[in-house]
Amino acid sequence: MTKYIFVAGGVMSGVGKGVAVSSIGRILKSKGFKVSAIKIDPYINVDAGTMNPVEHGEVFVTKDGTECDQDLGNYERFLDDDLTTENYMTTGRVYEAVIRRERNLEYGGRCVEVVPHIPDEVISRIKNLAKKTKADFILIEIGGTVGEYQNLLFLEAARMMRLKEPKDVIFILVSYLPVPRMIGEMKTKPTQHAVRNLNSSGIQPDIIIARSEVPLDLPRKRKISIFCNVQEEDVISAPDIESIYEIPLNFEKDNLGKIILKKFGLRSKKKNLNDWRRLVKVIKTAKKKVQIGIVGKYFETGDFTLADSYISVIEAVKHASWFHKVVPELTWLSSEVYEQHPAKLRELRNFAGIIVPGGFGSRGVEGKIKAIEYCRKNKIPYLGLCFGLQLAVVEFARNVCKMKDAHTTEIVKHCKYPVIDVMPEQKALLQEKRYGATMRLGEYPCLIKKGTQAYLSYLKSKWGKQNKKGDIFIQERHRHRYELNNEFRKDLEAKGLVMSGVNPDRDLVEIIELPRHPFFIASQFHPEFKSRPLNPHPLFREFIRTAISVRH
Ligand code: GLN
């Protein structure tokens, strides 16, 4: 029988609920259980694909092509598992399904009401995931904070589930305990209010995870216990720490795994967190630094948003760096500056490697192209991700193949050399203004040519399957509308651009590289989505390997 753990947030948002859920998942997995997780986002959007990354953070893409919240990325990284569309729920998705069913007369002529039909749909989606994954535990993260209107129906669904299956459902509240500077003391009152708020939805938390700047002391633990009606041992101290990957170990200091199992009357099936411990040891002890520059445009609203927009790229760089026992130092470089002040390009020399990540639209594009040219000519290790491939092709066409004005038709619709062009099926979608979930999304195959640098990267990391000819067959995740235009493939190849990976079904270029360069590889797919802390992505791994070993 699957057990269900609902996780809600109290006091305020942004305290790390997603990472808490991921960490609980990792702990339970380390005790020998099969775990899956659902993120519930209370907004109306059917998925995260149409949202601006500056406002919402990165749009993560699952292998089956769902554009979702970045928390699913954390779940995948901590659980080391590929998730699918069933792991994601929004108010929009739930209502869409109920309305569709009503239109199909599936409610047998009854009046379809918000309660119980909406919570019923929520519950059936949770159950559906349990059935599909056969997981021992399903973790359900209820987005938002208790006390707001938007997530009430999800809390109602949680309450109904507990009522029906009291032995199979528990609730965890991730709360925040401020330490106001003028008082200098940790305050529990906001958490008490959050619990009362939750109580008014008919829910009593079984466990409280107490997020704060500092660890919880005993008097505070006691206070929360008495005022919030939970056992003292069920209050888990969760102070700020440097690396999110340390959180499972921190939770385990307060025996969170054991406490959860006890609540369900279960026992650990042995296993342990040793591999995770080894990782955290490297994170905490590695000294040597590697300087990586990320050239892009979503950078103008401060550090917080910045890191959120590219979280999977950042994490993939970290995983790869830790593999080589170095610490990455990331610098955000605004490409627009290079358009106005080309002399500034010289700063790229200060970095061991440069990344141009995914992106959309015209702002800063010429600056990115200039940065790529600088990396190519000065042999600075370069990794291009999606837009980073497309612009590398534009740069090569313009400056090596002498196709002046070469461009991607995303930026200049009618250019002389459209070396990157919209895919035919995408053209129709754009004309009809059908933007939601219509990009080329999710996993597609790619065949990597034997002997190329990309090939060696995958081979070394033991990723993908080899065919009889020795080529490597991989699956990677996509999110784009434009492609390398095959009309120009021969011209580009003639001048030395190597197409090292190609989609075998549609003959679409997936990876390009430059020989006689220490590392110049770009992919049409997003390798960052598949990188895991204990299994870094081959392209990032080899990029960092070159960055730390080559001088330019
Ligand atoms: N804007 C480009 C496209 O749609 C690249 C997308 C991306 O980088 N994810 O093809």
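Just follow the structure's listing: the first ligand is 1, and inside any ligand the first atom is 1.
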Next on the checklist: Under the ring pair (Phe, Tyr, Trp, His ring centres under 6.0 Å) test against His319, which residue among Tyr245, Phe540, Phe543 passes?
Outcome noted: Tyr245
Item to check | Listed partners of Arg93 passing side chain to side chain donor-acceptor pair (under 3.5 Å), at least two apart | outcome: Thr85
Checklist entry - According to the side-chain hydrogen bond (donor to acceptor under 3.5 Å, both in side chains) rule, which pairs have a member within residues 512-523, sequence neighbours left out? => result Ser500-Glu513
Checklist outcome for this item: Across all chains, not counting sequence neighbours, the side chain to side chain donor-acceptor pair (under 3.5 Å) partners of Arg434 are Glu432
Checklist entry - Which protein residues have a heavy atom under 4.0 Å from ligand 1? => result Gly358, Gly359, Phe360, Cys386, Phe387, Gln390, Glu410, Arg479, His480, Arg481, Tyr482, His526
Item to check | Greater than 12 external heavy atoms within 6.0 Å of Lys344's NZ | outcome: no
Next on the checklist: I'd like to know whether the aromatic ring centres of Phe387 and Phe360 sit less than 6.0 Å apart in this structure.
Outcome noted: no
